[in-house]
Number of protein chains: 2
Amino acid sequence: MIADPAARRDVPDATVARLPEYLRALTDLAGRGVASVSSEELATAAGVRSAKLRKDLSHLGSYGVRGVGYEVEVLAHEISRQLGLAQNWPVAIVGLGYLGHALATYSGFANRGFHVVALLDRDPEVVGKEIAGMIVGSVDDLEQVVTGRGVAIGVIATPAASAQEVCDRFVAVGVRSVLNFAPCVLSVPQGVDVRKVDLATELQILAFHEQRKTESVREIRPLLEVSP
Amino acid sequence: MIADPAARRDVPDATVARLPEYLRALTDLAGRGVASVSSEELATAAGVRSAKLRKDLSHLGSYGVRGVGYEVEVLAHEISRQLGLAQNWPVAIVGLGYLGHALATYSGFANRGFHVVALLDRDPEVVGKEIAGMIVGSVDDLEQVVTGRGVAIGVIATPAASAQEVCDRFVAVGVRSVLNFAPCVLSVPQGVDVRKVDLATELQILAFHEQRKTESVREIRPLLEVSP
DNA sequence: GCGACTTTGTGCACACGTTCACAAACATCT
DNA sequence: AGATGTTTGTGAACGTGTGCACAAAGTCGC
C-alpha cells in the first residue's frame with residue numbers, strides 16, 4: 001500500500017456507472033490508432049459533457065496533462081484497473097433460453113475481463129447441449145460448480161419464478177455479485193450486490209416519454225389545422 | 001381536458017424509472033388475488049422504501065386512502081395509463097442475433113402494452129425465417145415497414161458498426177424513441193429519446209464493487225490470521 | 001357520534017449529482 | 001526566458017433526488 005497515489009475510495013456511484021462507457025470509447029480510439037485525446041473529444045465519443053468527464057476522471061486521480069489531454073492507452077489502462085478488469089472474473093450463467101444464449105455467446109464479455117466458466121439450466125432437454133463451446137450443466141450442480149470454478153459473479157437469466165431460488169443458492173456458496181435479468185425483485189443479505197436489467201422496463205420508460213410527445217402534438221395540432 | 005385531476009407534467013425522471021417496477025409488483029399482487037395494499041407492503045414488493053414509494057405516487061395524483069392503503073386494480077390501471085401502456089405501441093426490432101431473438105420471443109412485451117410488428121435483419125440467411133410467429137424482413141425495407149405499420153419504438157440489436165445507420169434511418173422516418181442494445185453511443189437530433197442497455201456495462205459495474213469487497217477482505221485478513 | 005388507531009401525502013432538511021467558470025499547469029513559439 | 005495559447009482539475013453554485021417526521025384524513029369499535 002505504498003505506491004498508490006490514487007484516491008481509491010469515494011468514487012461516486014454515478015461516476016462508476018459511466019466508467020465502462022469511457023473505457024469503451026477509449027478502446028475505440030486506441031483501435032483507430034489515436035494516441036491522445038482532449039476531454040472534449042472523449043466526452044463527445046462517450047455522449048457526455050466535457051466538464052462531467054473531467055470531474056469523473058478526477059475521482060480516479062490525475063491522469064491528464066494540462067494543455068495537452070489524456071494519453072489513450074494510459075487512461076484506458078487506469079480505468080480498466082479501477083473497474084477491476086485486470087483480473088479475469090469467472091462468471092456463471094443460469095438459464096439458457098434465448099437471453100441466456102445471447103449472454104453466453106456475447107463476445108463483449110471475453111475481451112473485457114470476464115470469463116464465462118459455467119452454463120447451467122434446469123431443463124433436461126437443454127442440459128448437455130453445447131453452447132458457445134461449452135457444455136450446459138444441470139442447475140442441480142450449481143453449488144459444486146460455483147465453488148469448484150471460483151465463480152465470483154452470477155448471472156440469472158431464468159424465468160421470474162426460479163430467480164429467487166437460484167439467487168439464494170448463489171449467495172449461500174459465497175457469490176456476492178448478481179446480475180438479474182428476471183423481472184422480479186431479489187432479496188439478498190447485506191454485502192451482496194444485485195443489478196437488475198429488465199427489457200420491458202426500458203420500453204415502458206420510453207413509452208412514457210413517447211406518450212408525452214404525442215400528447216404535445218395533439219395539443220398543438222388544432223392550432224396547425226387552422227391552415228390546412 | 002376537463003376531467004383530469006392529475007398533475008400530468010413534472011413527473012421526475014427518477015420516479016418514471018421506478019413506475020414499471022411498481023406496476024409489476026401490483027400485477028403480481030393482483031394475480032394472487034390481493035385487492036388492497038399499504039405503501040409499506042407495496043414498497044417491499046418493489047424493493048424500495050415506503051416513503052419513496054408514496055412520494056413517487058404523489059406525483060401521479062392521489063390514489064390512496066389514508067388509513068387503508070391503495071386499491072391494487074385502481075393503482076395498477078392508473079400507472080399503466082400514465083406510462084402510456086393503455087395504447088399498444090408498435091415496436092420494430094432490427095438485428096436478430098441471439099439477443100434480437102430473445103427480445104422477439106420475450107412474452108413480457110405483449111402483455112404490457114407493446115406489440116412487436118416487425119423483425120428486420122441484414123443477413124440473407126436470416127431474412128425469411130420465422131421467429132416468434134413472424135417472418136423476418138430485410139432491413140432494406142425498414143422505411144417502408146416503419147411507415148406502413150406505424151412503428152413508434154425502434155429496438156436496435158445489431159452489432160455496434162451498424163447501429164448508427166439503423167438509428168439514422170429510424171429517425172428519418174419519424175421514430176422518436178429508440179432502445180439501443182449495441183455497445184456504442186448513438187447521436188440523434190433533439191426530440192428523439194435513446195435508452196441504452198449494455199450487458200457488459202452492468203457486469204463492469206458489478207466488477208468494480210466486487211473488487212472493492214475483495215480488497216477489504218485482503219486488508220482485514222491479516223487481523224484474522226492471528227488466530228488460526 | 002366520538003375517540004383510538006392506521007396510513008397517506010407532504011413540507012423540510014439533507015445528500016448527491018451536475019454545470020459553470022476559472023486558476024493552475026503544461027506546451028509552443030519567438 | 002517570457003509571452004501566448006491550450007486544456008486540465010476543481011471550488012462554488014445550482015438542481016435533483018432521498019429520507020424523516022408529522023399533520024391530515026380516513027376506518028373501526030363502541
Side-chain angles (χ1 to χ4, degrees), chain A residues 5-22 25-26 29 34-76 78-79 82 205 208-209, chain B residues 5-22 25-26 29 34-76 78-79 82 205 208-209:
Chain A
R8 307 305 320 232
R9 292 275 129 49
D10 289 304
V11 181
D13 283 347
T15 296
V16 174
R18 285 187 291 265
L19 291 181
E21 191 61 42
Y22 299 156
L26 286 166
L29 289 167
V34 179
S36 174
V37 275
S38 68
S39 63
E40 199 63 46
E41 296 167 313
L42 182 54
T44 305
V48 298
R49 296 279 172 202
S50 62
K52 192 188 275 188
L53 171 71
R54 288 200 302 276
K55 179 141 283 190
D56 281 343
L57 294 183
S58 77
H59 292 293
L60 307 184
S62 190
Y63 296 96
V65 179
R66 299 182 188 216
V68 180
Y70 302 89
E71 258 187 79
V72 173
E73 293 283 359
V74 172
L75 189 54
E78 181 56 26
I79 294 180
Q82 294 260 352
I205 296 171
F208 176 87
H209 294 294
Chain B
R8 307 305 318 233
R9 292 277 128 50
D10 290 305
V11 182
D13 284 347
T15 295
V16 173
R18 284 186 292 265
L19 290 181
E21 191 62 42
Y22 300 156
L26 285 166
L29 290 168
V34 180
S36 174
V37 275
S38 68
S39 63
E40 198 65 45
E41 295 167 312
L42 183 54
T44 305
V48 299
R49 295 280 172 202
S50 63
K52 192 188 274 188
L53 171 71
R54 288 200 301 277
K55 181 145 285 188
D56 281 342
L57 294 183
S58 77
H59 291 294
L60 307 184
S62 189
Y63 296 97
V65 179
R66 297 179 190 218
V68 180
Y70 302 88
E71 258 187 79
V72 174
E73 293 283 358
V74 172
L75 188 54
E78 181 55 27
I79 294 179
Q82 292 262 350
I205 296 171
F208 176 87
H209 294 293

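In what follows, every chain begins at residue 1, and chains take the letters A, B, ... in the order their sequences are listed. Owing to the predicted nature of the structure, the values given are computational and were not obtained by experimental measurement.
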Atom [atom1] of [X] and atom [atom2] of [N]: how far apart are they, to the nearest Å?
| X | N | atom1 | atom2 | value |
| --- | --- | --- | --- | --- |
| A/H59 | D/dT10 | NE2 | C1' | 10 Å |
| B/L53 | D/dG17 | CG | C1' | 15 Å |
| B/L57 | D/dT18 | CG | C1' | 15 Å |
| A/L42 | D/dT7 | CG | P | 14 Å |
| A/Y70 | D/dT6 | OH | P | 18 Å |
| B/R18 | D/dT16 | CZ | P | 15 Å |
| A/D56 | D/dG9 | CG | P | 12 Å |
| A/D13 | C/dT18 | CG | P | 11 Å |

Does any donor-acceptor pair link the side chain of [X] with the base of [N] at a separation under 3.5 Å?
| X | N | answer |
| --- | --- | --- |
| B/R49 | D/dG19 | no |
| A/K55 | C/dT19 | yes |
| B/R66 | C/dT8 | yes |
| B/K52 | D/dG19 | no |

* Give the C-alpha distance, both sets of side-chain angles, the deciding distance and a yes or no for side chain to side chain contact (heavy atoms under 4.5 Å, CB included) between A/V11 and B/F208. => CA-CA 10 Å; A/V11 181; B/F208 176 87; 4.0 Å; yes

* With side chain to side chain contact (heavy atoms under 4.5 Å, CB included) as the test, would you mind laying out the steps for B/L42 and B/L75 before giving the verdict? => CA-CA 11 Å; B/L42 183 54; B/L75 188 54; 3.9 Å; yes

* Asked: Are the side chains of A/L53 and A/E41 in touch, meaning some heavy atoms are under 4.5 Å apart?
  ->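 No, too far: nothing below the 4.5 Å cut-off.
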
* Asked: Could you walk me through whether A/Y70 and A/L57 pass the side chain to side chain contact (heavy atoms under 4.5 Å, CB included) check?
  -> CA-CA 10 Å; A/Y70 302 89; A/L57 294 183; 3.7 Å; yes

* Residue among B/L60, B/I79, B/T15 satisfying side chain to side chain contact (heavy atoms under 4.5 Å, CB included) with B/Y22 ->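 Only one option passes, and that is B/I79.
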
* Asked: Which of the following nucleotides, C/dT7, C/dG9, C/dC22, is nearest to the side chain of B/S38?
  ->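 Taking heavy atoms from C-beta onward, the closest nucleotide is C/dT7.
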
* Asked: Looking at the side chain of A/A51, which of C/dC20, C/dG17, C/dC22 is the nearest nucleotide?
  ->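 Selected nucleotide: C/dC20.
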
* For B/R54 and A/V68, take the nucleotide of DNA chain C holding the closest heavy atom to each; which residue's nucleotide lies nearer the 5' end? ->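 Looking at DNA chain C, the more 5' nearest nucleotide goes with B/R54.
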
* Hey, is the side chain of B/S39 poking within less than 4.0 Å of OP1 or OP2 on C/dT7, counting only N and O atoms? ->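 For C/dT7, OP1/OP2 do not have a side-chain N/O of B/S39 under 4.0 Å.
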
* If each of A/G67 and B/T15 is mapped to the nucleotide of DNA chain D with the nearest heavy atom, which maps nearer the 5' terminus, i.e. the 5' end? ->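 So the residue in question is A/G67.
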
